[in-house]
**Student:** 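I have a structure I would like to understand better, so I am pasting it below and will then ask my questions one at a time.
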Amino acid sequence: MELADRAVGLILTLTSLSIFTYYTFWVIILPLVDSDHFVHKYFLPQEYAILIPVYAAVALICFLSVFIGYVMLKSKKKKA
């Protein structure tokens, strides 16, 4: 089981590092590159650099709110 946990950890680490590198390049370095450069075709428009994290944060907050509400209702039913 330890090997499977390490493999999952490695995959999660590599995925996180890839997303971080892509987003950092997209937000920090890409605005400094000429707009007609070929590298721009590999990235979404700049406005998505703000919209995607905002929507992800709203989805996370909604999920956490539903989860906390579910746990509170479940614990309330146990006491009764």
Side-chain angles (χ1 to χ4, degrees):
M1 190 65 168
E2 181 181 324
L3 185 61
D5 291 341
R6 292 182 81 168
V8 169
L10 179 65
I11 290 170
L12 288 175
T13 301
L14 291 176
T15 302
S16 300
L17 186 61
S18 299
I19 291 171
F20 176 76
T21 304
Y22 179 87
Y23 188 78
T24 302
F25 187 82
W26 182 27
V27 172
I28 296 175
I29 296 175
L30 201 62
L32 303 176
V33 177
D34 290 334
S35 60
D36 59 345
H37 198 271
F38 76 93
V39 78
H40 278 278
K41 68 180 177 182
Y42 297 113
F43 294 91
L44 293 171
Q46 281 298 114
E47 50 270 0
Y48 288 110
I50 299 299
L51 291 177
I52 291 173
V54 167
Y55 285 137
V58 168
L60 179 66
I61 290 170
C62 289
F63 173 76
L64 289 175
S65 299
V66 168
F67 178 73
I68 290 171
Y70 174 75
V71 169
M72 288 173 64
L73 287 174
K74 191 174 176 182
S75 67
K76 193 176 197 181
K77 287 181 182 178
K78 270 189 177 178
K79 290 181 182 178

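Throughout, numbering of the chain's residues begins at 1 and tracks the sequence. Side chains are part of it too, since the values below use all heavy atoms of this structure and drop only hydrogens, waters and symmetry mates.
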**Student:** Does Ile28 share a hydrophobic cluster with Val39, counting links as ILVMFWY side-chain heavy atoms below 4.5 Å and allowing steps through other members?
**Tutor:**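 They do share one cluster, since a chain of ILVMFWY contacts under 4.5 Å joins Ile28 to Val39.
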**Student:** Say whether Ile29 and Phe38 are linked into one hydrophobic cluster, either directly or through other cluster members, by side-chain heavy-atom distances under 4.5 angstrom.
**Tutor:**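 Yes: a chain of side-chain contacts under 4.5 Å links Ile29 to Phe38.
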**Student:** According to a 4.5 Å side-chain heavy-atom criterion applied to Ile, Leu, Val, Met, Phe, Trp and Tyr, with indirect links allowed, do Leu60 and Val66 form part of one hydrophobic cluster?
**Tutor:**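 Result: no, two separate clusters.
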**Student:** What are the two closest non-hydrogen atoms of Gln46 and Leu30, and how far apart are they?
**Tutor:**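 The answer is OE1-CD2, 4.1 Å.
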**Student:** To which residues is Leu10 joined in a hydrophobic cluster, defined by side-chain heavy-atom contacts under 4.5 Å among Ile, Leu, Val, Met, Phe, Trp and Tyr, whether direct or through other members?
**Tutor:**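 ILVMFWY cluster around Leu10 also holds Leu14.
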**Student:** Run the side-chain contact (heavy atoms from CB on, under 4.5 Å) test against Pro45 and tell me which residues pass, sequence neighbours left out.
**Tutor:**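 So Pro45 forms a side-chain contact (heavy atoms from CB on, under 4.5 Å) with Glu47, Tyr48.
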**Student:** Please name all residues satisfying ring-ring contact (aromatic ring centres under 6.0 Å, His included) with Tyr23, sequence neighbours left out, ordered by chain then number.
**Tutor:**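 Tyr23 satisfies ring-ring contact (aromatic ring centres under 6.0 Å, His included) with Trp26 only.
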**Student:** With Phe25, which residues qualify under ring-ring contact (aromatic ring centres under 6.0 Å, His included), at least two apart?
**Tutor:**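 For Phe25, the residues satisfying ring-ring contact (aromatic ring centres under 6.0 Å, His included) (neighbours in sequence not counted) are Phe43.
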**Student:** Under 4.5 Å side-chain heavy-atom separation, chaining through any Ile, Leu, Val, Met, Phe, Trp or Tyr, what else clusters with Leu12? Say none if it is isolated.
**Tutor:**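 Result for Leu12 is Val8.
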**Student:** State which residues pass side-chain contact (heavy atoms from CB on, under 4.5 Å) with Thr13; sequence neighbours excluded, sorted by chain then number.
**Tutor:**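 With neighbours one apart ignored, the set is empty.
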